[in-house]
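Chain A is the first sequence line, chain B the second, and so forth, proteins listed ahead of strands; every chain is numbered from 1. No experiment lies behind these values; they were computed from the predicted model shown.
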Number of protein chains: 2
Amino acid sequence: MKVNYKIWLENEQGERVMGKGLLVLLSLIEQTGSINKAAKVLGMSYRAAWGKLNKAEEELGYDLIERRSGGRGGGGSRLTEKGNRLLDKFNKFSNKVDQELNTMFLDFFNK
Amino acid sequence: MKVNYKIWLENEQGERVMGKGLLVLLSLIEQTGSINKAAKVLGMSYRAAWGKLNKAEEELGYDLIERRSGGRGGGGSRLTEKGNRLLDKFNKFSNKVDQELNTMFLDFFNK
DNA sequence: AGACGTTATGCTATGATTGACATAACGAAA
DNA sequence: TTTCGTTATGTCAATCATAGCATAACGTCT
């Protein structure tokens with residue numbers, strides 16, 4: 001017997017604007033410099049990644065990444081300042097939750 | 001901005017054997033004395049409730065409820081001892097998680 | 001034997017979410 | 001002006017979860 005969970009952030013309308021999927025995607029965009037490469041690493045289509053990002057940005061009301069198309073190398077994307085802050089906060093938060101949840105689970109279920 | 005989450009218990013195979021939906025359903029079965037009545041209260045079909053219960057019991061490897069069909073009133077169902085214990089534990093656990101999670105969220109996001 | 005309300009279970013329809021395909025636009029460099 | 005890899009976006013298909021329908025069995029009481 002073990003515990004599992006999903007956690008996410010919502011805006012005022014209850015739409016989910018940040019979760020673990022988006023967290024990983026954003027991290028990889030920052031690392032690789034493009035949505036396309038990040039999607040490939042995750043084994044998802046560019047279309048799916050693009051949709052996720054768009055939806056999140058729309059529901060947040062601000063941009064998470066800066067996009068350039070064209071130019072040398074075709075362009076690319078990088079996190080905005082706000083995107084970076086949200087990513088960092090949620091990352092730390094979810095790590096903390098992970099820790100605490102496991103502790104609580106052991107308290108309740110393993111003796 | 002607010003936080004939301006889903007939490008559940010899994011068996012060794014990673015199949016989910018207890019969550020908030022089942023928690024409420026089991027509580028109502030204990031209160032009403034039948035799967036049928038509990039399902040009606042929740043606005044779900046008997047078929048759906050029955051499926052949930054079956055799946056959970058199969059994956060747990062033991063019975064959560066005792067079922068009788070036929071007889072006066074048609075029969076009914078009530079929690080087994082083990083079912084009651086699991087229900088109680090998960091209830092307390094998820095209440096605790098609820099509390100802690102909100103505290104953590106405020107720590108991280110509301111200043 | 002008949003009635004009643006419950007449990008038991010297969011099957012189908014429906015809706016929602018996800019994924020794949022196709023095509024266009026972009027802009028710097030050669 | 002051609003090339004290249006990226007972003008942008010509509011559309012259709014497929015997959016999956018859920019709802020509902022239909023039918024059978026059960027057992028006590030009248």
Side-chain angles (χ1 to χ4, degrees), chain A residues 4 6 8 10 13-22 24-26 28-60 62-80 83, chain B residues 4 6 8 10 14-26 28-60 62-80 83:
Chain A
N4 206 344
K6 280 180 190 290
W8 63 90
E10 295 180 351
Q13 284 75 50
E15 301 162 319
R16 77 175 65 182
V17 295
M18 174 60 72
K20 207 160 253 176
L22 191 54
V24 175
L25 181 58
L26 288 174
L28 284 172
I29 289 175
E30 189 64 1
Q31 278 175 46
T32 62
S34 93
I35 300 174
N36 203 9
K37 284 177 189 150
K40 279 205 176 69
V41 172
L42 290 175
M44 76 166 80
S45 67
Y46 170 81
R47 184 65 179 80
W50 178 84
K52 253 192 180 194
L53 290 165
N54 259 33
K55 185 163 168 290
E57 288 185 332
E58 184 180 335
E59 290 170 357
L60 274 169
Y62 58 84
D63 287 351
L64 291 169
I65 57 179
E66 247 182 58
R67 296 137 160 193
R68 289 170 299 111
S69 79
R72 183 167 68 153
S77 298
R78 49 173 306 182
L79 292 192
T80 60
Chain B
N4 206 345
K6 280 180 189 290
W8 64 90
E10 295 181 352
E15 301 163 319
R16 74 176 66 181
V17 296
M18 175 59 73
K20 207 158 253 177
L22 190 55
L23 173 77
V24 175
L25 181 58
L26 288 174
L28 284 172
I29 289 174
E30 189 65 1
Q31 279 176 44
T32 63
S34 94
I35 300 175
N36 203 9
K37 282 177 189 151
K40 278 204 177 67
V41 172
L42 289 175
M44 76 166 80
S45 66
Y46 170 81
R47 184 64 180 80
W50 178 84
K52 254 191 179 195
L53 291 165
N54 259 33
K55 186 164 168 290
E57 288 184 332
E58 184 181 334
E59 291 169 356
L60 274 168
Y62 59 85
D63 287 351
L64 291 169
I65 57 178
E66 250 182 57
R67 295 136 161 194
R68 291 169 297 111
S69 78
R72 182 167 67 152
S77 298
R78 49 173 306 185
L79 292 191
T80 61

Result block: side-chain N/O donor-acceptor pairs under 3.5 angstrom for residues 62-73 of chain A, not counting sequence neighbours:
| residue | atom | partner | partner atom | Å |
| --- | --- | --- | --- | --- |
| Arg67(A) | NH1 | Asn54(A) | OD1 | 3.3 |
| Arg67(A) | NH2 | Asn54(A) | OD1 | 3.2 |

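- Listed here is the closest heavy atom pair of Asn4(A) and Glu10(B): ND2-OE2, 3.0 Å.
- Between the NZ atom of Lys40(A) and the CG atom of Leu28(A) there is a distance of 13.5 Å, given to the nearest 0.5 Å.
- Pairing each heavy atom of Ala38(B) with each of Thr32(B), the nearest pair is N-OG1, 3.6 Å.
- With contacts defined as side-chain heavy-atom distances shorter than 4.5 Å, the pair Leu60(B)/Met18(B) does not qualify.
- Among all heavy-atom pairs drawn from Gly19(B) and Trp8(B), the shortest one is CA-CB, 4.2 Å.
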Using the 3.5 Å cut-off, write out each protein N or O paired with an N or O of nucleotides 26-30 of chain C and the distance between them.
| residue | atom | partner | partner atom | Å |
| --- | --- | --- | --- | --- |
| dC26(C) | O2 | Gly70(A) | N | 2.9 |
| dG27(C) | O4' | Gly71(A) | N | 3.2 |
| dG27(C) | N2 | Gly71(A) | O | 3.1 |
| dG27(C) | N3 | Gly71(A) | N | 2.7 |

Apply side-chain contact (heavy atoms from CB on, under 4.5 Å) to residues Ile35(B) and Leu25(B) and explain how you reach the verdict. CA-CA 8 Å; Ile35(B) 300 175; Leu25(B) 181 58; 5.6 Å; no
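- Listed here is the closest heavy atom pair of Lys37(B) and Ser34(B): N-OG, 2.8 Å.
- Around the CD atom of Glu15(B), the shell of radius 6.0 Å holds more than 12 heavy atoms that belong to other residues, nucleotides or ligands.
- Here chain B contacts DNA chain D (any atom closer than 4.0 Å to a heavy atom, that is under 4.0 Å), and the contacts span dG20(D) to dC29(D) from 5' to 3'.
- When atom types are taken as modelled, the side chain of Glu59(A) and the backbone of Val17(A) share no donor-acceptor pair closer than 3.5 angstrom.
- With sequence neighbours excluded, no residue forms a side chain to side chain donor-acceptor pair (under 3.5 Å) with Trp50(A).
- For the segment residues 30-39 of chain A, the set of residues with a heavy atom within less than 4.0 Å of an atom of DNA chain C is empty.
- Within residues 40-53 of chain A, the residues having any heavy atom under 4.0 Å from DNA chain D are, by residue number, Tyr46(A), Arg47(A), Trp50(A).
- Atom-to-atom distance recorded for Ile29(B):CD1 and Leu42(B):CG is 9.0 Å, nearest 0.5 angstrom.
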